[in-house]
Amino acid sequence: MTSTDEELVARSIRGDADSFNELILRWERPIYALAYRTIGREEDARDVCQETFLRAFRALPGFRGQAKFSSWLYRITLNLCRDWMRRQRRAPFVQVPEDKDPVEMAAAAEPSEAIEDLVARRDLARIVERVMARLPEEQRTAILLKEYHGLTFQEIADLVGCPLSTIKTRLYQGLTVLRRELAKEGAAVPQDWL
Amino acid sequence: MTNHELCSYGDREAALIDFLYGESDPGLRTAFEQHLAECPACRADALAFRTVRRALAGWAPPEPIRALDHAALGGPRLAAPPSELHDRSRRNGMPVWARVAAAVLCVGVGLGAANVRVTSSPTGLEVRTGWMTPPTPVTARTDEGDWRTEVADLRNALTTLQNTQAMLASRPQPVDAGEPVDEDELLRQVKALIARSERRQQSELALRIGDVVTDLQAQRRADLARIDRTIGVVQSNTGLEVLRQREMLNSLAVRVSSQRP
């Protein structure tokens, strides 16, 4: 039977290293995905991911369960990303994956997927990455947490520390900007996706 | 006029976002759906936002390198350590016991360099270092011999450990002979791997060709634009030159006509 995050946290606090390892296995990829989409660099995203778990491990005794464990991790990640961006003193540099290995893409694709669809998907992903980098930080954060991590509006509001209505406004404004920018880039989204 | 200005629905933005993400109260959702049926502006926004969300869904970060691909290797293998967080001891390539032995050796060498001597006397344990008054020659010689022997022993032990480690590392891994290998199944797996690899190579080739075509087209467009610009510059330079020549001819003609009687 799968243990919940809360059960694993409680065991980790009591000194069970395997439980914390289980938490890492469970949340490593979502944390890495959030870091990558926020700062746009693979290596730095991995560093942020590792640092997130290090800080979580050190601060675990102080975690009282006021929020979900995942939300707590996301907050640590976002703070680390913000620190990274301040250190870099520039807008997040998004590495458009020009050399993204087509073999990986082909391996990940269904055998029956047409090459044209694969290329179109890759091109669109590049465009999305570029336009996301142009969003203001608060709008981008709201969209990342909502679209890719499935947090509710209230969870996002608690995580970033602002009212619920503000989160909805940021989402609306962010989607409006993305709509305009995607149209400028000439991005064509196939109607049969999802 | 923006869609926002065309519609007077109360708290339109929040209602649209609630509707889009399915988090609205059922009653409010129904009310907004009825509004969508009557409001082309909101309908257009909802459709556009759905399209944006579809585009966002296609953006995935690169996979971080982690465990081995079980399927590609044709069977279960020992997964890579779950996280570097708990694997720092192995990252430098030296196991813990070797590092402890190395640390002990370093301490021993340090003690030797500091000329540390430990003696037991009726008054208790005495520890002397190189800069303290040395004891009687006979006693000192014996103590020096003791710790030097110990350091030599430690060094030999560490060398033995390192040699053992090197030997173990070079020994080929024993094949797990748990169950007998089914040749037909193995052949099937190998064929499947080859077929998958061939498909991947074909896909890769097609993608590479697509890349080359895209690059060529981009380069061609850039070259044509540069040629256009160059022709434009040449044309304008030529025009200027013609104009200058005309002005010179005109001034010459004026001068000639003024000099005629």
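These numbers come from a predicted model, not from an experiment. In what follows, every chain begins at residue 1, and chains take the letters A, B, ... in the order their sequences are listed.
Of the charged side-chain nitrogens involved, at least one lies within less than 4.0 Å of a carboxylate oxygen, so that B:D45 and A:R179 count as a salt-bridged pair. Taking a cutoff of 4.0 Å between a charged side-chain nitrogen and a carboxylate oxygen, B:E23 and A:K146 qualify as a salt bridge.
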B:W59 and A:L124: CA distance, side-chain angles, deciding distance, side-chain contact (heavy atoms from CB on, under 4.5 Å) verdict: CA-CA 8 Å; B:W59 180 36; A:L124 183 59; over 6 Å; no

message: Determine whether A:T169 and B:I17 satisfy the following criterion, side-chain contact (heavy atoms from CB on, under 4.5 Å), listing intermediate values before the conclusion.
response: CA-CA 8 Å; A:T169 301; B:I17 292 297; over 6 Å; no

task: Just do the salt bridge (Lys or Arg N to Asp or Glu O under 4.0 Å) check on A:E147 and B:R53 with the steps written out, would you?
output: CA-CA 8 Å; A:E147 287 290 339; B:R53 292 191 67 203; 2.7 Å; yes

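For A:I167, no part lies near chain B; criterion is any non-hydrogen pair under 4.5 Å. In this structure, chain B has a heavy atom under 4.5 Å from the side chain of A:L144, while its backbone stays farther away. Within the 4.5 angstrom heavy-atom criterion, no atom of A:S165 approaches chain B. With a 4.5 angstrom heavy-atom cutoff, B:L56 touches chain A via backbone and side-chain atoms both.
Just one of A:R29, A:E129, A:E42, A:R37 meets the side chain to side chain contact (heavy atoms under 4.5 Å, CB included) condition when paired with B:P61; it is A:R37.
The choice from A:V128, A:I143, A:L175 that makes the most heavy-atom pairs within less than 4.5 Å of chain B is A:L175.
Residue-level contacts of residues 148-164 of chain A with chain B, in order of numbering, are A:Y148, A:L151, A:T152, A:F153; threshold 4.5 Å between heavy atoms.
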